[in-house]
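Below: the structure, in C-alpha cells.
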Amino acid sequence: MSAPSLTPSKAASARHAQPPVDGPPQRGGAFARSLKRNLTAHGFLIGAVLCFAFFSWYPMVREFFLAFQKTDQGEVSWVGLENLETVFNDPAFWQAWRNTALFTVLALVFGFAVPFVVAIVINELRHGKGYLRLLVYLPVMLPPVASVLLFKYLYDPGYGLLNEVFGFFGLPEQQWLQDPDLSMLSVVIASTWMNMGGAALIYLAALQGIPGELYEAAELDGAGLLRKIWHVTIPQTRLILSLMLLMQIIATMQVFVEPFLLTGGAGPEGSTTTVVYLIYQYAFNFNNYGAAAALGLLLLVLLAGVSAAYVKLSRAEDE
C-alpha cells in the first residue's frame, strides 16, 4: 500500500511550518543580561566588602606590621620583637591579664547564667511575655555611657542608692568603686545589666523552639522543674549555649567602656586595668603605637586560639 502523497500547497505549508534553526547562543549577550540583572546586588555586595576591607581587614593587617615597627618623629623603622619585649617587661602587663581573666570569669558567672535563667522564667509565663521582653532588652537600647553613669550614681559612696539601701537594713556602707576588692565586681554587675538583654532574647527564641512533647514526656516520668531543665532544656539548647559562651568570652576579653567610665580605667591600685585599657594607654597616653599593636596582636592570637578550639570541639562532638 503506497503512502499518501502531499499536494504542492500542503508541501509548501509544511515547509513554512518548520521551526527556524537557531544559531549558536550569544554568550556575550547572556553575560550582559545577567550582569545587568544582578547589578544592584553586586553594588550592595561591593559596598559591604569595601566597608569590611577598610574598617576591619586593613586595620588588622596594619596592626600586624605596626607590632614590629617603631615610629620616631615620623620615621618608621623595623624593630623586630622589641615592642613585644617592651610589653612583657611592663609591670602592668600581667596585672592587666589577671584583671581581664577575672572579669571574664565573673562576667560568665553572671552574664552567662543570669540571661538564661531570665529567659526560662519568661518562657514559663503565660501572660505579659511581650512587655517582659521589652523590659529585659531596654538596657541594651540605652547608650552605654548613660547606663554607666547611672551605675556610677548608684555606686556613689555619699549619696548612692545602694548605700542608702544598705543603711536602711542596717548594713555597713561600701566603697563600691574605691575598694580594690569590690571595684571589679561592681564593674561586672554594671556590665551584666547593660548587656544581658540580647542574650536573654536569643535564649528565649531557642527555648520556644523546643517541642512541648519533650516536657510532657518528662512530666510523665515524674521529672520536676530542675530535672526538666537539666535533661530537656539544656540538651536542646546546647548549640546556642556553646555559641553564646564563645561570643561572651570574646566580648568580655575586650572590655573597655565599663571600667574606663566607672573607675577611670585603672581603678584603685590598678584593680580594673584590663588588656584593652592598657592598649589604650600605650597608644594615646604614651604615643607608643608599636607596643599597643603588639599587645593587640597578642590578644588577637589568644582569641583566635579560643575560637579554633571551639570549632575543633564542635566538630568532634558532631562526629
Side-chain angles (χ1 to χ4, degrees), residues 103-155 160-166 168-169 171 176 184-252 255 257-258 262 310 314 317:
F103 179 87
T104 300
V105 172
L106 293 177
L108 290 178
V109 171
F110 291 97
F112 187 71
V114 172
F116 189 64
V117 173
V118 170
I120 292 177
V121 172
I122 295 177
N123 189 56
E124 292 296 325
L125 297 178
R126 296 183 179 274
H127 305 287
K129 288 186 179 180
Y131 297 103
L132 290 176
R133 286 197 297 264
L134 175 62
L135 185 63
V136 170
Y137 195 72
L138 182 61
V140 181
M141 295 186 290
L142 295 177
V145 176
S147 300
V148 170
L149 292 179
L150 173 63
F151 272 89
K152 199 168 185 177
Y153 165 75
L154 294 176
Y155 290 143
L161 181 60
L162 285 180
N163 279 338
E164 292 290 338
V165 174
F166 272 46
F168 178 80
F169 289 101
L171 299 174
W176 299 100
M184 183 59 76
L185 179 61
S186 302
V187 172
V188 169
I189 293 174
S191 178
T192 300
W193 184 84
M194 292 167 54
N195 302 301
M196 75 172 187
L201 292 188
I202 293 175
Y203 293 144
L204 182 60
L207 293 175
Q208 292 176 348
I210 300 176
E213 294 81 1
L214 297 178
Y215 290 107
E216 294 176 0
E219 289 179 357
L220 292 177
D221 291 338
L225 177 61
L226 295 180
R227 291 185 60 187
K228 286 192 293 184
I229 293 175
W230 183 256
H231 293 287
V232 178
T233 304
I234 293 180
Q236 291 295 316
T237 57
R238 179 179 57 86
L239 180 61
I240 295 298
L241 289 174
S242 60
L243 180 60
M244 292 299 296
L245 177 63
L246 173 66
M247 294 179 63
Q248 290 195 17
I249 290 176
I250 294 175
T252 53
V255 62
V257 174
E258 292 87 344
L262 283 174
Y310 167 79
S314 300
E317 291 181 0

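Note that the numbering runs from 1 along the sequence shown for the chain. Because only heavy atoms are used, hydrogens play no part in the values below, and waters and symmetry mates are left out as well, while side chains stay in.
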Residues which pass side-chain hydrogen bond (donor to acceptor under 3.5 Å, both in side chains) with Tyr153, listed by chain and number, not counting sequence neighbours = none
ask   = Measuring from Leu243:CG to Gln248:CD, what's the distance to the nearest 0.5 Å?
value = 10.5 Å
inquiry  = Return the CG to OH distance between Leu262 and Tyr155, rounded to the nearest 0.5 Å.
reply    = 7.0 Å
Residues 133-147 side chain polar contacts: donor-acceptor under 3.5 Å, at least two apart:
{"residue": "Ser147", "atom": "OG", "partner": "Pro143", "partner atom": "O", "Å": "3.4"}

key: Gap between atom CZ of Arg227 and atom CD of Glu219 - 0.5 Å precision   = 12.0 Å
Side-chain (Lys228) to main-chain (Thr233) donor-acceptor, under 3.5 angstrom = no
message = Within this structure, what is the CD1-CD1 distance for the pair Ile229 and Ile120, rounded to the nearest 0.5 Å?
response = 4.0 Å
ask   = What distance do Ile240 atom CD1 and Ile234 atom CD1 have between them, rounded to the nearest 0.5 Å?
value = 14.5 Å
key: Phe168 side chain near Val165 side chain, heavy-atom distance below 4.5 Å   = no
query = Quick one: does Ile249's side chain get under 4.5 Å of Tyr310's, heavy atoms only?
reply = no
message = If I take atom CG from residue Leu108 and atom CZ from residue Phe103, how far apart are they, to the nearest 0.5 angstrom?
response = 9.5 Å
Using atom types as modelled, flag every donor-acceptor pair under 3.5 Å from a side chain in residues 184-213 to any protein atom, sequence neighbours excluded.
{"residue": "Ser186", "atom": "OG", "partner": "Trp176", "partner atom": "O", "Å": "3.1"}
{"residue": "Ser186", "atom": "OG", "partner": "Leu182", "partner atom": "O", "Å": "2.8"}
{"residue": "Ser191", "atom": "OG", "partner": "Asn195", "partner atom": "ND2", "Å": "3.2"}
{"residue": "Ser191", "atom": "OG", "partner": "Glu258", "partner atom": "OE2", "Å": "3.4"}
{"residue": "Thr192", "atom": "OG1", "partner": "Val188", "partner atom": "O", "Å": "2.8"}
{"residue": "Asn195", "atom": "ND2", "partner": "Ser191", "partner atom": "O", "Å": "2.8"}

